[in-house]
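Whatever order the structure lists ligands and atoms in, that order sets their numbers, starting from 1. Small disclaimer: the values here were computed from a predicted structure and weren't measured. Residue indices begin at 1 and follow the sequence shown.
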Amino acid sequence: MSLAEHGAVAEIVVDLAAVRANVARLRALVAPAEPMVVVKADAYGHGLLEVARAAREAGATWLGVATLAEARRLRAAGDAGRLLCWLALPGQDYRDLLRDEVDVTVYDTAELDEVLAAVGELRDTGPDVVARVQLKIDTGLSRGGSSSAQWPELVAAARTAEESGLVWVTGVWSHFATSDDPDHPAGDAQEAAFDAALAVAHEAGLRPEVRHLANSAGALLRPDARHDLVRLGIAVYGLDPAPGHLPADVELRPAMTVRTRLVMVRDLAPGDAVSYGHTFTADRPMTVGLVPVGYADGVPRHASNAAEVLVRGTRCRILGRVCMDQFVVDVTGLDAERGDPVLLWGPGDAGEPTATDWAEAAGTINYEIVTRFGGSRTRRVVVG
Ligand SMILES: *Cc1c(COP(=O)(O)O)cnc(C)c1O
């Protein structure tokens, strides 16, 4: 680990062999449904282009991203496979994406009109582009997508555009609200609402190539929800999408390890209080180590006094508040020294916490732990 040489405060080690193994495992589990690997938000903090390449190698027939810019980055890097994006801002320029055969998601007729305008502009200047459009129906998340009230109108408008040869409706899809809780009644209700929406689309003459509803938890816990395609995010990164619910045989391997070094080690006397606000006070002689990452790098401040790191093979708890650039851990009795490696999280091979352990300590989800970590002061290292 050559942190000082690179001027980085921590290394994010991304194991692409784990990504490939997870994709292959998930692909086998969900077959005959196809796997879409979701690489939005810089592949949940793991590196967009590296993960995209590994996912394709492992058989991801589709990739999924949120924004148009993310799709553009993939195409610019040479990815030519099926690719869906689903979060456009008003007034965004669709033209290069349509030319590059990216599937774009449409939530309402205003978005469909923007796509149609872009097709018109492209045709004025040359190529006979047909926009690949996927329609999203909201089945109970009350987030993006058409309401069921507006669905018939959206479907009809899309069908008209398809008959004019301007678009091709390649997909109809929706998204679960509670798939990490298999006992929640909303899951069945959403599946039923999706079936109803598909029937409306079929009735209107649409014959989408893919129908899809499930994210990682949905794909693993609700086989009926797999349809033609499943959108796999967190599970690809080896993290449990539904802690406490996943069957043991799923066997995913966490792909991200975060490591740094202790910057100093010092002793505390009974009564010494630690970090801002003095939320921890030593009640005995203790030894503490200083870890040079903080909330500016994505360490959750809510992990104060709660999360653990691994030093010298031992789990060491954070003492006091996580600061912007640093936090303090309890290394009492470990003979720790300045420069000792510190593992924040990883697959757990050496006994280090997982991102899921951090999430539990910080009152959040493992998605947020890995996605937020990084930034200009850290360095990503790809292995495998
Ligand atoms: C992020 C996202 C996913 C992936 O969800 P996971 O729970 O990480 O598998 C799937 N679909 C949509 C629409 C998303 O935004």
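- In this view, P185 satisfies the side-chain contact (heavy atoms from CB on, under 4.5 Å) rule with no residue, not counting sequence neighbours.
- Checked against side-chain contact (heavy atoms from CB on, under 4.5 Å), L198 has the following partners two or more places apart in sequence or in another chain: V172, F194, D195, R211, H227.
- A salt bridge is absent between K136 and D108; no separation between the charged side-chain nitrogens and carboxylate oxygens falls under 4.0 Å.
- The protein residues lying under 4.0 angstrom from ligand 1, judged by non-hydrogen atoms, are V38, K40, Y44, W86, R143, W173, H175, N215, S216, R231, L232, G233, I234, Y367.
- Side-chain atoms of Q150 and S146 include no donor-acceptor pair closer than 3.5 Å.
- No close placement of the Y107 and W86 rings is indicated, their centers lying 6.0 Å or farther apart.
- Residue pairs satisfying the salt bridge (Lys or Arg N to Asp or Glu O under 4.0 Å) criterion with at least one member in residues 22-38, sequence neighbours excluded, are absent.
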